[in-house]
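Since the structure comes first, as structure tokens, the remarks are kept for the end.
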Amino acid sequence: MEDDRYTYYATLVHHVRSTIEAIQNLEYSKCFDRDYLEHTLIPALGLNNEYLSQQPKELGPYYGTGLHLWQYPSQLADYLVWLSLNGKGVKRYMEIGCRWGGTFIVVSEWLKKIGAELELSIAVDPVDATPFIKEYIAISSTPVVYLNDYSTSKSVIEYQRMAKPDMVFIDGDHSMPGVMFDHGLVRRSANIIVHHDIASFACPPTVAFWNYAREAEENFECFEFVSQYESVAGNFLGIGAMKRI
Ligand SMILES: C[S@@+](CC[C@H](N)C(=O)[O-])C[C@H]1O[C@@H](n2cnc3c(N)ncnc32)[C@H](O)[C@@H]1O
């Protein structure tokens, strides 16, 4: 089953280049236009087609296309605009739990687009590097490293200590011990820490951890991108960003 998906995604790797070009060619003013990003750019990049009961049916034509982004366009649009305003200083970006790689690629390219002098992007996941990740390593204009292991492994911990990523997106182990470990790993060195699934009925531990961390982390200002779709029964996904004060 998993092998079938790798074979399938291998037929779609041209979307990595077209995503890079779409972001590079975007008019700069559009980096702050959340409606354009939500309704035009993000759907065109392609949305994931897993767990469709959690996805708005009105976006039907975009599921199973392009980069298969596992995000709500409404939330990702608000997050990208926030990054346009807050991400310029990022030099080393890390995503813990990158899965197929869509969000990792878009955020790395977005940081460059908005003027960050990105030196390194690090993707972490115990699954084998996916076709999108391999293609991105091959064609990105900046260095990309794939750590094929758990965030709790010695190799990832040592790499994190050496590279000191200043922005980290946490979307790996969604259990309470898992999300606590990942946050603890990076909280001293990162200036921006982003958590996924902070408003999801499907992930109580990540919601609970975010609610705790936003009160406990006094040295960070917190921002939430959690808008929902009326056509979906329940609340899902949700992006929470913390910026060091
Ligand atoms: C929800 S998916 C990530 C989706 C991805 N961030 C995106 O936006 O498309 C969660 C991923 O976390 C990975 N994972 C689980 N435990 C992990 C850990 N301890 N360290 C790193 N990755 C982990 C899984 O293999 C899975 O690919």
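All residue numbers in this chain count up from 1 along the given sequence. Every number for a ligand or one of its atoms is a count from 1 in the order of the listing.
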Would you tell me whether Thr103 and Gln71 have side-chain atoms, one donor and one acceptor, within less than 3.5 Å of each other? yes

May I have the step-by-step check of side chain to side chain donor-acceptor pair (under 3.5 Å) for His15 and His68, ending in yes or no? CA-CA 10 Å; His15 290 294; His68 287 65; over 6 Å; no

Cys98: numbered ligand 1 atoms lying under 4.0 Å from its heavy atoms: 5 (C)

Using a 3.5 Å cut-off on N or O atoms only, is Asp171 in polar contact with ligand 1? yes

How far apart are the closest heavy atoms of Tyr229 and Ser74, and which atoms are they? OH-N, 3.0 Å

Can you list the ligand 1 atoms lying under 4.0 Å from a non-hydrogen atom of Ser151? 18 (C), 19 (N), 20 (N), 21 (C)

Using the ring of each side chain (for Trp, its six-membered ring), is Phe104 parallel, tilted or perpendicular to Tyr136, with breaks at 30° and 60°? perpendicular

Let's go through Asp197 and His174 carefully: what are the C-alpha distance in whole Å and the side-chain angles of both, what is the deciding distance for side-chain contact (heavy atoms from CB on, under 4.5 Å) to 0.1 Å, and is it a yes or a no? CA-CA 8 Å; Asp197 299 303; His174 287 57; 2.7 Å; yes

Any chance NZ of Lys30 has more than 12 other-residue heavy atoms, nucleotides or ligands included, within less than 6.0 Å? yes

Are side-chain N/O atoms of Gln160 and Ser189 paired as donor and acceptor at under 3.5 Å? yes

Quick check: Gly97 and ligand 1, any N/O pair under 3.5 Å apart? yes

Counting from 1 in the order shown, the ligand 1 atoms closer than 4.0 Å to a non-hydrogen atom of Gln71 are 8 (O)

Please confirm whether Thr103 comes within less than 3.5 Å of ligand 1 when only nitrogen or oxygen atoms on both sides are compared. yes

Assess whether atom OH of Tyr212 is packed by more than 12 heavy atoms of other residues, nucleotides or ligands within 6.0 Å. no

Can you confirm if the aromatic rings of Phe132 and Tyr9 lie within a centre distance of less than 6.0 Å? yes

Looking only at distances, please establish whether an N/O atom of ligand 1 is found under 3.5 Å from an N/O atom of Glu95. yes

Backbone or side chain, does any N or O of Tyr150 fall under 3.5 Å from an N or O of ligand 1? no

Option with minimal heavy-atom separation from atom 14 (N) of ligand 1, where the choices are Ser153, Gly172, Gly101: Gly172

Could you tell me the residue and atom name of the protein heavy atom closest to atom 22 (N) of ligand 1, and the distance to it rounded to 0.1 Å? Pro126 CD, 3.3 Å

Atom 13 (C) of ligand 1: which protein heavy atom is closest, and how many Å away? Asp125 OD2, 3.3 Å

Pull out every atom of ligand 1 sitting under 4.0 Å from any heavy atom of Val127, numbered as shown with elements. 25 (O)

In this structure, atom 16 (N) of ligand 1 is nearest to the protein heavy atom Asp173 N, 3.4 Å

